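Just so it is clear, the structure is predicted and the values come from calculations on it, not from any experiment. Chain naming here is simple, since letters A, B, ... match the order of the sequence lines and numbering starts at 1 in each.
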Amino acid sequence: MARAEFQTLPGTRDLLEPESGRVRALVERFAIEAERAGFGLIVPPMFEDVGVFVRIGEASDIVSKELYDFEDKGGRDIALRPEFTASVCRAFAETRPLIPWKTWYSGPSFRYDKPQKGRYRQFEQVGAEVIGSDDPDLDTELIALAWRFFQRLGLTDVVLLLNTLGDFAERPVYLEALSAYLAANADRLSDQARITMAVNPLRVLDSKRPQDAEVVADAPLMVDYLSDDAAAAFDRVRQGLRALGVPFEEAPRLVRGLDYYTRTTFEFVAAGLDAAQTAIGGGGRYDGLVEALGGPPEPGVGFALGVDRTLLACDEQGVFEPVDRPVDVWVVATTAGTEGLQLVEELRSAGIAADRSYDGRSMKAQMKAANRSQAPIAVIVGEDELAAGTVSVRTLRGEGRQAPVERSQVVARVEEMVRSSPS
RNA sequence: GUGGCCGUAGCUCAGUCCGGUUAGAGCACCUGGUUGUGGUCCAGGAUGUCGGGGGUUCGAAUCCCCUCGGUCACCCCA
C-alpha cells in the first residue's frame, strides 16, 4: 500500500493515462486557440529570483505565505513560480520584444499551501498575456479567447465575473474611503476580516464569511471612484463583450489575489464545482507591473486558467472526457526468432501504431493482451506462418476474421485496414 | 497556517465500537480447460511487515501516544 519507499511530496501527484493524455489534449486545444489569435509561445523558467515574485504583492497570500521558496547552492534566494505573469513581465523587461507582445504559456506553477481537491502545490496552468498596450479591446479579446476555449471544451456553466479596480492614481482616494468605512464598522466584522483590513482593505470585500456580508454589502465601491479614463475603458470592455455575445456578470466586489491589478479584472467561475475550487481562471490588467520589475512603464493584461480545475468542471458536466488511444496493431509472435521484433518495428517505421507482448508468452496470453490493448487488428506469426512466408492478420473487434497475408505485404495490408476503419 | 474525518492485497472495500487461532470479499492479474488464437464461461493460483514508530496487554489491524500521508472545511486562490 503506502509502502513504497518514496512517495510524491504533499500536494504533488503523478498523472498517468488516461488523465495525463487529457491534460495534454487540453493544452493542445488552448494552444490552437491562442496561436490562432496571434499569441506566441513562451517557456520561461519554473523558478526565479524570489524578488520577481515579491514584486507582485507582499500583502498577498500568494507571496506572504504560499511562495515555494528556498536557497540554492549558490546562496541565491529562489522561488518556484506561483503564477506566470511575473515571469512574463520579467522576460519582457529582459528581452524587450516588439510591442504589443502577445504570448501564451502552459506548465506547472507552485504554491506552498495545504492541499485539497482542486488545489495542489504543483498545479498546471495555461494562460495568455499582452504587454505594451492599454487598448481595452485587448482586455476584451483576452476574455473572448478564454471564453471560446471553454466553449470548445463544451463547458456551458462557466460564469464570467467582471470588475474594474481603476488606476493606481485614484486608488488611494478610494482606499481611504474604504478603510474609513471598514474602521467605522470594525465591531461588526469577523476577526479574520479585521486582520485582513489592516493588511489589505480591498480584500475584505472578497470575504465570503456570512458575518461580514452586511458590512461588505454597504461598503463604498471602486466603480464610484473611477477616473474618466478608467471609466471609459471599462465601458469599452463591456461594450465589446456585448458585441461579441460573451455574457458577463458585473461583480463590483471582485478583488483578485494579486496586488498588481489595475482596471479590468475578471474571474471565471464554474457553477457546478464546490465552493473551494469554483475559480477556474482569472486575470486582469497590470499596468504598473513591468515597471515594478525594473522594465519600461509598459502596461499589460492577461489571464491564467487552472487546468486541473477546468478538468474538474469538465467532469462535472461530463464533457471532454479522457479517451483511450489504443495502438492500431498488436503483434503476436510465438516463433523463437526475431519475427515479432521486426514486425512491430516495420509497422512503426511505416507510421502505424504497433505494440506486442514480451517474455515469450503463450499464444493465448498474447491474444489476451492483444484484446486488452483494444487494438483493432492482430498480426500473428507462428511456426506455420514462418514456414509459409506469411502472417495471419486478424480483426479483434466483433467476431474476429482472420486471413493469411504475404509477409512482404503486411504493412500495405495493415495500412489499408487502418485507413478503411478509422478508430 | 487552523480544525474535522480517514489510512487493511494493484483497485474498491469488509473486519476496528464489544482486543484472541493461518486477516477476508469483489474486481484486476497469472496458469490451465488436450497439444497455435482474444473478448463469455469453468477450475486453480500468487499478492498484504493491516501507512510508519512507540506504548498498554499473556495477546493489537482492533485500545493509547507520536509521526507521515490523504481528504474535507476555514483562509486564500488556479
Nucleotide nearest [X] when distance is taken to its side chain, options [options]:
X	options	answer
A:Arg309	B:rC76, B:rU31, B:rC77	B:rC77
A:Asp113	B:rU71, B:rG33, B:rA78	B:rA78
A:Arg203	B:rU37, B:rG69, B:rC77	B:rC77

### Query
So how far is it from A:Leu155 CG to A:Ile280 CD1, rounded to the nearest 0.5 Å?
6.0 Å
Say you pick atom [atom1] in [N] and the same atom in [M]; how far apart are they, in whole Å?
N	M	atom1	value
B:rG52	B:rC11	P	15 Å
B:rU8	B:rG53	P	16 Å
B:rC75	B:rG1	C1'	8 Å
B:rU49	B:rG24	P	15 Å

Sugar-phosphate, base or nothing in reach of [X], heavy atoms under 4.0 Å:
X	result
A:Lys368	sugar-phosphate
A:Arg372	sugar-phosphate
A:Arg121	nothing
A:Gln402	base
A:Gln374	nothing
A:Arg111	base
A:Gly283	nothing
A:Gly400	base
A:Leu305	nothing

### Task
Report the C-alpha distance between A:Phe266 and A:Phe268 in whole Å, list the side-chain angles of each, state the deciding distance to 0.1 Å, and finish with yes or no for ring pair (Phe, Tyr, Trp, His ring centres under 6.0 Å).
CA-CA 7 Å; A:Phe266 52 92; A:Phe268 297 100; 5.8 Å; yes
### Task
Could you state the atom-to-atom distance from CD of A:Glu83 to P of B:rC76 in whole Å?
18 Å
Pairing nucleotide - [N], Watson-Crick or G-U, each distance under 3.5 Å:
N	result
B:rU49	none
B:rG7	B:rC68
B:rC74	B:rG1

### Message
Counting only heavy atoms from other residues, nucleotides and ligands, does the tally under 6.0 Å from OH of A:Tyr112 exceed 12?
### Response
no
### Task
Return no unless some side-chain N or O of A:Arg119 is found under 4.0 Å from OP1 or OP2 of B:rU71.
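Checking B:rU71 against A:Arg119, no side-chain N or O comes under 4.0 Å of OP1 or OP2.
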### Message
For B:rG70, does the base pair up with any side-chain atom of A:Lys114 as donor and acceptor (N or O, under 3.5 Å, distance only)?
### Response
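When only heavy-atom distances are counted, A:Lys114 does not reach the base of B:rG70 through any donor-acceptor pair under 3.5 Å.
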### Task
Compute the centroid of each ring, for A:Tyr286 and then for A:Tyr261, and state whether the two points are separated by less than 6.0 Å.
no
### Query
So which of residues 139-157 of chain A are in contact with RNA chain B, with a heavy-atom cut-off of under 4.0 Å?
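Those residues whose heavy atoms fall under 4.0 Å from RNA chain B, taken from residues 139-157 of chain A, amount to none.
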